[in-house]
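Below is one structure. I have some questions about it.
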Amino acid sequence: MIEALRELARRLLAEERVRVVIGYGQSSPQGPVHPLFITRAEDAEQLVWNRQCFSNLTAYLTRKDVRALGPAAVVVKGCDERTITVLEKEAQLERERVFVVGMVCEGMGDPGLPKCQVCDRHRPRLADETLGEAVDREVPALERYAALEAFLARPAEQRMAYWQEELARCVKCYACRQVCPLCYCERCIVDKNRPAVIDTSATLKGNFAWHITRAFHLAGRCVACGECARVCPVGIDLTLLNQSLARAAEEAYGFRAGEDPRVEPLVGSWSPQDREDFIR
Amino acid sequence: MTAPPVSADPATAPNLYLPDLMEVLEVQQHTADTKSVRLRFRNEIAAKRFSFRVGQFGIFSAFGSGEATFNICSSSTWKDYIEFCFRRTGMVTDALWEVDKDDTIGFRGPYGNGYPMEKWRRKHLIFLGGGIAMPPIRCAIWYALEHRDEYGEITIIYGARSTKDLVFADDLARWAQYDGVQVIRCVDPGGETPDWDGEVGFVPEVLKRADVRSDNSVALVVGPPIMIKLTMPLLTRMGLVDRDIYTSLESRMKCGVGKCGRCNCGPVYLCKEGPVFTLEQLKALPNDY
Amino acid sequence: MSQNNGFDPKIIAYVCNWCTYLGADLAGTNRLEYPASVRIIRLPCTGRIDFHLIVKAFESGADAVLVSGCHPGDCHYTAGNFHARRRWTLFRALLDVLGIEMDRIHFTWISAAEGRKWQEVVTEITEKTKALGPYRAYRRICEGGA
Amino acid sequence: MSHAIRKEALRALVGSWLAEGKRVAGPVAVGPGRVLYQPLVSPERLLLDGFIRTVNSIKAFVFPRHEELYAYRFRGRQVELIDAPLPEEEQIVIGARPCDAAALPVLDHVFRWGTPDRSYERRRELTTVVTLACREYDDHCFCTSLDSGPRDERGSDVLLVEIDEETYEVVWLTSKGKDLFVRHTERADRKGTIGTGPKRKFDAAALERFLAENFESPVWETFALRCLGCGACAYDCPTCHCFDIVDEGDRHGGMRVRNWDSCQFALFTLHASGHNPRTAQAQRIRQRIYHKFRIYPDKFGDTLCTGCGNCSRGCPVHLGIRPVLEAISALERKPQSAPPKTP
Amino acid sequence: MARIGVFVCWCGENIARHVDVEAVASGAATLPGVRTALSYKYMCSEPGQALIRRKIAEEGLDAVVVSACSPHMHLRTFRRAAEGAGVNPYRVEMANIREHCSWVHHDRGEATAKAADLVRMAVAKARLDRPLEPICVPVARRVMVVGGGVAGIQAALDVADAGHQVVLLEREPSIGGKMAGLSETFPTLDCSQCILTPRMVEAAQHPNITLHTYSEVEAVEGFVGNFRVTVRKRARYIDVDRCTGCGQCWNSCPSKKNPSEFDYRLGQRTAIYIPFPQAVPARPVIDKDACIKLTKGKCGLCAKRCEAQAVKFDDEDRLVVEEVGAVVVATGYRLYDPRTPAAADGISGYGEYGYGKYADVIDSLQFERLASASGPTAGEIRRPSDGAVPKSIVFVSCVGSRDPAKGLSYCSKVCCMYNAKHAMLYRHKVHDGAAHVFYMDVRAGGKNYDEFVRRAIEQDGARYHRGRVSKITEREGKLIVRGVDTLAGEAITVEADMVVLAAAIRPAEGVERLAQKLGVGYDAFGFLSESHPKLRPVETNAAGVFVCGACQGPKDIPESVAQASAAAAKVLALFSRDELSRDPEIASVNELTCAACFACERSCPYGAVERAELRNGRGEFLKRTARINPGLCMGCGTCVAVCPSKSVDLDGYSETQVYAMLKSLT
């Protein structure tokens with residue numbers, strides 16, 4: 001599989017179908033795996049593929065300096081590829097300028113990440129070329145949201161207490177934002193100050209406002225790649241927030257972000273039949 | 001080895017960031033988006049303690065919105081008030097735009113090195129300014145005019161995008177009244193009006209055209225990066241040496257006292273070792289400002 | 001729950017200009033009395049009301065928030081309230097997981113003809129909020145510091 | 001002969017400090033494999049081994065991420081200023097890593113440069129740092145490459161060095177530190193010993209040479225594509241100290257506060273005019289390296305880095321300083337060769 | 001610094017009784033930006049307005065806050081007053097301390113405190129009001145009337161006679177609408193076609209009217225004064241310009257057994273046909289599903305017979321764009337379908353009446369055709385099943401109407417009248433026939449209406465039973481109608497040869513889609529919403545779009561015609577202006593920070609967001625951005641809410657203003 005990947009990268013670069021291949025690299029065999037940008041065919045052997053390839057590389061597709069390189073190929077896992085659909089819907093990339101290399105994935109990490117436990121996209125579906133063989137396991141929605149369910153089982157006061165303790169640790173390093181493939185705004189709303197929408201201070205107030213905003217801006221968009229939580233230096237489990245929205249979208253509108261390129265984005269579309277049991 | 005003993009006793013040391021409260025004496029609007037404000041210390045003692053060198057800057061507070069850095073554009077010889085000039089570009093300047101006579105704003109400073117007016121004595125002075133960069137020149141001009149006999153001929157070339165963008169137009173007129181002072185106002189091509197009696201063209205061109213005395217001269221050039229870039233070589237060609245060509249750098253600053261790391265540029269912290277540099281020093285700086 | 005009678009709740013109401021605002025006007029015209037707890041912020045349409053406004057309301061010390069606009073189909077701008085409805089559905093899920101007290105956030109459709117409903121709604125949420133007491137949890141967040 | 005303390009005795013001592021109402025902070029596990037310096041509520045939560053390094057640093061205890069500078073009240077058209085109260089509470093940081101403690105004297109330079117920063121000074125006075133010499137290290141550690149090491153004493157008031165499973169040697173370095181421990185240690189005939197720490201990863205001298213010439217160099221581009229431009233490296237760093245000043249308040253008044261900031265953010269240097277001297281991530285990475293390894297040393301004689309490796313450890317894409325410095329010293333070893341084409 | 005004047009109104013006792021207006025004023029005087037604050041008995045009175053104007057002059061005010069009644073009441077008044085004194089009208093705010101305060105809070109302390117808050121909020125907002133200028137847009141003096149029924153025809157003729165161009169759109173092959181199919185009309189019993197046909201012809205021949213039959217609205221762009229309506233002209237398979245309407249084609253068409261839409265399936269027509277003899281235009285269409293040539297490829301007789309060679313089997317739908325300044329919607333109604341099960345829209349039927357099951361249970365429009373001289377039975381009342389003359393007919397009122405259980409709660413308004421008419425017509429034609437009418441109430445409001453009903457009962461012997469029909473079954477060719485007579489308080493059963501259901505009136509098929517295209521609101525039943533039920537009955541909330549006839553609610557002919565003329569009058573008023581000024585409180589994009597995700601575009605109800613490119617002075621491409629078309633934006637602000645980077649803002653309700661108002665409450 002890894003050889004196939006390197007071969008494909010070589011080909012794409014040699015045939016000048018793309019100018020850069022965004023993949024995974026590793027400085028030393030036991031060292032951590034990190035994003036890697038291959039611009040010369042002969043460097044393709046630096047690419048790696050193993051259970052440490054956590055990053056969702058599609059985050060780089062919208063970056064100015066990466067775009068400047070020209071057409072790109074990006075290595076994606078089943079969970080990552082959905083962002084491409086969303087980005088396309090939101091006019092952030094021209095699908096034809098991106099060559100999507102899908103990697104069949106048995107799960108990342110050892111033991112696999114929580115998201116991998118309930119993964120139903122071991123094999124990418126939207127890729128231009130997919131490497132590896134595996135079958136998908138349909139995961140019932142309930143199972144996908146088991147962690148959320150468990151959390152929601154706690155009484156509201158406890159949930160509030162939990163977040164007060166967790167968010168108290170947030171230092172506003174914005175790793176969650178920077179790593180998110182769908183946080184592509186040129187000027188993040190938290191940096192807006194005429195008027196200031198969110199306190200920039202890493203206080204509970206500012207942190208609640210920030211994390212509510214970050215999560216809600218992903219409503220109907222988040223594809224649950226889980227990068228925001230993975231990279232949080234102080235270990236705040238942001239996936240709970242994202243999931244609450246994802247589940248609401250699935251429950252209320254049968255919508256899963258990035259799932260179907262033909263479906264219009266959730267926010268910004270509507271139906272007269274939309275539920276409103278909470279509106280008096 | 002452990003840390004050296006603390007230099008000052010924090011118990012008695014003043015709070016670096018605590019501003020003085022200033023009373024707004026007067027607000028003057030210059031263009032659609034620039035105003036200058038005249039301030040007086042509300043606290044007598046602070047007023048007496050205070051002194052500054054032209055070219056230094058202050059950090060001004062609109063309480064509730066924050067602080068912003070501006071050059072003190074009045075002359076250090078004017079004792080009972082200071083002035084600063086700002087363009088409306090952000091949250092703080094939005095708030096400053098709202099201030100009116102008798103309102104209160106905060107002031108910290110003076111900060112920075114300022115102009116070596118003593119070193120400039122007995123020299124001809126060339127002031128070149130563009131747009132909103134007039135204030136940092138204005139303070140020096142007034143200083144020089146207040147010590148008229150200590151300085152040689154004075155040439156002032158000030159350019160703005162259009163006639164509507166000239167700040168301190170009234171000062172320009174008054175300066176022209178002084179002996180040995182040449183004031184050349186110019187606007188970018190297209191920025192003139194039918195009744196415009198100044199020059200038309202960019203500052204560097206106008207400088208080329210103008211008859212400016214360049215022997216035994218120092219020049220102060222303040223303006224947008226592009227203008228500085230184009231003007232400096234002309235001055236060199238006119239025979240000025242790098243250490244006689246001065247400029248004042250704009251920078252994003254927060255603390256003003258060399259701590260917040262914001263204004264760091266290569267080896268220097270602009271807030272403490274700047275903002276005034278000679279071309280000589282500028283050439284030594286990395287291109288990071 | 002205690003009937004904190006000493007406490008008069010601060011309730012921010014974001015209402016649309018064409019239905020609920022006029023509904024409240026009608027309540028006035030008909031002299032329908034209700035508690036003086038609500039402060040209305042008039043916006044053109046519920047479509048304009050974003051989640052930040054709800055957060056901001058709590059940040060500015062609101063004990064409850066009311067969001068109200070035209071009934072589905074009646075929107076002055078045809079679809080603003082449909083857009084809003086979808087966002088609210090999602091936003092409530094987020095607030096719920098955060099443990100925000102959901103009975104401090106109220107959504108209603110009140111038409112220009114429903115002065116009585118406006119009266120009922122305001123009276124009801126005022127009582128409810130009184131019963132709940134001040135929104136201490138969010139105050140704590142705002143004063144929590146770092 | 002040396003002073004020693006048994007581990008459970010140490011824990012008990014911590015308990016007694018807490019009982020006295022002292023503010024005590026130390027490493028605490030906040031999640032799987034994630035340890036942070038946190039205020040301690042009970043001695044049991046204190047974590048002394050089983051991890052390489054905390055994610056954050058102890059700088060937060062002398063330079064909080066959010067700090068009131070003073071308050072203001074509106075009085076009609078007048079304003080009343082209320083100076084922020086000076087910190088009063090003594091605090092003890094226990095189980096600090098040497099690379100954390102060593103950062104404090106380095107930070108002193110800038111906070112004392114010219115006019116001293118009052119609250120910083122005060123907190124420094126009130127803080128006693130009890131450091132635990134490192135027995136373990138990982139790929140990210142590079143203290144030894146910066147003439148520091150697993151038992152660097154800089155910035156510590158007390159240094160604990162493990163003698164065996166049960167005991168630490170207690171080396172007090174300041175009277176403050178001695179006072180804390182003097183009546184609680186026992187005599188021991190053995191001294192604590194630890195290894196030499198991580199192998200040198202680059203040559204500081206070579207780095208110096210490189211920085212002298214290469215402000216403009218393709219090497220800065222090398223990692224720019226990968227860098228996401230977040231502030232994790234700066235906020236996890238024991239020496240990064242950039243800050244922002246903002247107002248927070250309502251219509252009656254409010255506070256002027258200072259918050260941590262990072263030179264890695266695109267807007268960090270954005271001027272009011274719209275001009276931004278550092279528009280590219282490469283320039284921002286360069287600035288961080290220069291500030292730490294050239295500007296700061298030139299000004300204050302100390303490198304603004306203790307080799308803790310946190311910037312790499314906490315980096316979403318495992319970047320941070322070390323890979324950059326390694327790349328540089330690789331260049332220096334064979335100066336003529338071009339930097340690696342592929343980032 | 002803003003220079004704001006605050007003017008607190010007593011409204012006589014209305015406000016002053018419960019609010020300490022003096023306290024409110026003196027409190028306001030201390031607010032930042034306020035230069036003067038005073039109270040007065042009646043601010044809206046001429047002296048009150050004069051006071052405002054004087055203070056503006058004296059204090060050099062640049063913004064005004066009037067603390068009085070609802071802005072819906074007097075904002076215009078005070079804007080005009082302030083403008084008169086040189087203050088930009090969009091820098092005038094109102095604090096509603098009457099409707100929202102003094103009238104609803106009677107505790108003086110509380111009311112005063114709230115009033116003070118409301119004023120503080122208004123001042124905070126006024127400080128940040130930008131001076132705005134109304135947006136001026138030209139008016140295309142050309143109207144499109146959608147729907148060629150009697151209402152549409154009337155509106156079209158009125159506008160056309162006034163000298164303006166009209167585009168008349170009709171979905172069916174001929175104009176005329178429902179009225180063309182009616183027999184006689186109440187209360188005068190004059191022949192429907194006799195009065196309508198001349199108007200149809202007049203419309204068709206009017207030099208100012210362009211007729212699009214067999215056509216529908218495909219898409220609508222633009223805004224009041226400047227609509228671009230794309231019309232889909234369905235394939236007719238006939239070259240209308242060549243066709244002379246001679247009739248050779250339909251007389252020769254072999255496919256004859258197609259149910260006639262015009263006769264509501266009671267009659268038959270050929271595959272190439274005109275819906276009815278007086279159709280306008282008198283040009284046939286080919287039913288492509290019935291035509292043998294189009295289905296099987298054979299035949300083509302009509303083409304052979306057509307001397308004008310007007311038949312073209314390769315015809316296709318065509319899209320034409322009409323540019324108009326206003327649109328009149330007159331799409332009329334359809335009848336409620338009394339069948340079960342429930343339709344998609346949740347409107348269920350009356351299975352127990354056997355409509356669709358028993359051939360002789362028909363609806364009222366079908367009966368109109370039976371009674372019409374041009375109908376399938378040439379005006380003789382014969383029942384569909386066997387063509388026999390029914391000896392007794394039961395007319396059932398309120399089938400669907402006034403029955404929330406079936407999903408329709410409203411009264412269809414015209415049924416009572418036409419039931420009486422039907423009973424009458426039947427008795428006139430079948431003298432020995434028995435006419436039974438089951439009714440809930442008889443609603444005969446209107447000139448000569450009640451008299452008409454009484455005539456039916458008293459002179460023509462219609463038998464009225466007050467009560468609902470519970471069930472209709474069939475036994476030996478007879479319909480057994482079971483019901484109750486609530487007056488007699490007994491169950492009654494009538495043996496009938498035919499049953500006529502007065503099915504409820506519902507808006508025409510697909511009117512919701514049209515409404516969405518036009519940006520017009522509609523109620524739960526699909527009837528279009530007027531701007532104001534009393535004062536703006538033919539206007540809608542979409543500027544430049546007007547409604548008339550049954551699309552707005554059940555109506556009879558005179559009402560529809562009256563409303564049509566009203567709509568025409570509104571159109572003419574609009575056309576009397578060279579340009580329109582529109583409210584400038586609209587959205588705008590900060591193009592530098594816009595991330596070009598176009599969430600705004602997706603959520604804009606008016607398609608006012610455009611995808612644009614930002615270029616520098618030298619025309620070099622900088623970035624993509626969203627841009628608001630000020631002509632289209634109606635200022636709802638939905639874009640502001642969905643913009644993740646808050647790069648869109650809305651004048652008059654800007655982010656800064658809303659936050660400032662919140663802050664003013666801290």
Side-chain angles (χ1 to χ4, degrees), chain C residues 8 10 12-14 16-18 21-22 24-53 56-62 70-84 86-87 112-113 115 118-119 122, chain E residues 69-73 96 98-107 109-111 113-114 117-118 121 125 512 515-516 518-524 526 529 531-533 541-542 585 602-603 605-606 634-643 646 650 652-653 655 658-659 661-666:
Chain C
D8 35 36
K10 173 174 169 183
I12 306 276
Y14 298 106
C16 88
N17 178 46
W18 304 101
Y21 192 92
L22 285 166
D25 277 359
L26 183 62
T29 320
N30 297 346
R31 310 297 199 276
L32 304 175
E33 250 193 285
Y34 54 84
S37 51
V38 169
R39 300 294 177 267
I40 283 185
I41 292 183
R42 179 173 66 108
L43 294 161
C45 177
T46 43
R48 165 71 178 84
I49 301 165
D50 60 28
F51 69 98
H52 296 291
L53 296 187
K56 280 271 172 195
F58 287 129
E59 285 184 352
S60 2
C70 311
H71 288 270
D74 293 359
C75 177
H76 181 82
Y77 307 96
T78 68
N81 53 356
F82 286 133
H83 285 287
R86 218 171 238 211
R87 295 200 304 266
W118 171 258
Q119 176 197 35
V122 172
Chain E
C69 49
S70 168
H72 288 274
M73 189 71 144
N96 185 347
R98 191 180 74 176
E99 284 84 344
H100 289 188
C101 191
S102 67
W103 275 353
V104 288
H105 311 314
H106 294 172
D107 174 312
E110 284 182 350
K114 180 173 176 178
D117 280 3
L118 298 182
M121 290 162 80
K125 184 166 187 253
E512 291 93 341
Q516 284 163 20
L518 288 165
V520 174
Y522 48 90
D523 65 18
S529 313
S531 310
H532 190 285
N541 287 337
E585 289 180 325
R602 285 190 294 276
S603 60
Y606 300 96
M634 298 289 285
C636 68
T638 307
C639 49
V640 182
V642 297
C643 178
K646 280 279 175 281
L650 180 62
Y653 305 89
E655 290 282 288
V658 178
Y659 292 171
M661 289 165 86
L662 279 172
K663 202 170 184 179
S664 74
L665 289 173
T666 53

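So you know, we letter chains A, B, ... as the sequences are listed, proteins then strands, and number each from 1. Note that this is a predicted model, so its numbers are computed, not measured.
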Legend entry - Gap between atom CG of L22(C) and atom OG of S70(E) - 0.5 Å precision: 6.5 Å
Inset, instruction - Side chain from CB out, backbone as N, CA, C, O: work out which of these in H83(C) comes under 4.5 Å of a heavy atom of chain E, or both, or neither. - result: side chain
Inset, instruction - Would you tell me whether Y21(C) and N96(E) have side-chain atoms, one donor and one acceptor, within less than 3.5 Å of each other? - result: yes
Legend entry - Any side-chain heavy-atom pair of Y522(E) and D74(C) under 4.5 Å: no
Legend entry - Cationic N near anionic O, under 4.0 Å, E655(E) to R48(C): yes
Legend entry - Engaged part of R87(C) at the chain E interface, taking heavy atoms whose separation is under 4.5 Å: side chain
Legend entry - Side chain / backbone / both / neither for I40(C) at chain E, heavy atoms under 4.5 Å: both
Inset, instruction - Say whether H72(E) and N17(C), considering side chains only, have a donor N or O and an acceptor N or O under 3.5 Å apart. - result: yes
Inset, instruction - Would you check if the distance from the ring center of H105(E) to the ring center of Y34(C) is below 6.0 Å? - result: yes
Inset, instruction - Any chance you could measure S531(E), atom OG, to H76(C), atom NE2, to the nearest 0.5 Å? - result: 8.0 Å
Legend entry - K114(E) (side chain) donor-acceptor with V38(C) (main chain) under 3.5 angstrom: yes
Inset, instruction - Specify the closest pair of heavy atoms between S60(C) and T666(E), including all atoms of both residues, with the distance to one decimal. - result: CB-CG2, 3.7 Å
Legend entry - Over all atoms of both residues, closest heavy-atom pair of V104(E) and L32(C): CG1-O, 3.2 Å
Legend entry - W103(E) side chain near E33(C) side chain, heavy-atom distance below 4.5 Å: no
Inset, instruction - Select, from C636(E), G637(E), P605(E), the one with the greatest count of heavy-atom pairs under 4.5 Å involving chain C. - result: C636(E)
Legend entry - Taking every non-hydrogen atom, the tightest pair across Y77(C) and Y606(E): CA-OH, 3.0 Å
Inset, instruction - Report yes or no: does K10(C) contribute a side-chain atom to a donor-acceptor pair with the main-chain N or O of L665(E) at less than 3.5 Å? - result: yes
Legend entry - side-chain contact (heavy atoms from CB on, under 4.5 Å) between I41(C) and M121(E), intermediate numbers included: CA-CA 9 Å; I41(C) 292 183; M121(E) 290 162 80; 3.5 Å; yes
Legend entry - Within-4.5 Å side-chain heavy-atom neighbours: R42(C) and P71(E): yes
Inset, instruction - Working to the nearest 0.5 Å, report the span between CG of L662(E) and CG of L53(C). - result: 7.0 Å
Legend entry - Check: D25(C)/H100(E) side-chain N/O donor and acceptor closer than 3.5 Å: yes
Legend entry - chain E contact via Y14(C) - which portion, at a heavy-atom distance below 4.5 Å: side chain
Inset, instruction - Answer with side chain, backbone, both or neither: which region of K646(E) has an atom nearer than 4.5 Å to a non-hydrogen atom of chain C? - result: side chain
Inset, instruction - Count the heavy-atom pairs under 4.5 Å between each of E585(E), K663(E), K125(E), H106(E) and chain C, then report the option with the highest count. - result: H106(E)
Inset, instruction - Against chain E, work out which of C16(C), P35(C), A113(C) has the most heavy-atom pairs shorter than 4.5 Å and name it. - result: P35(C)
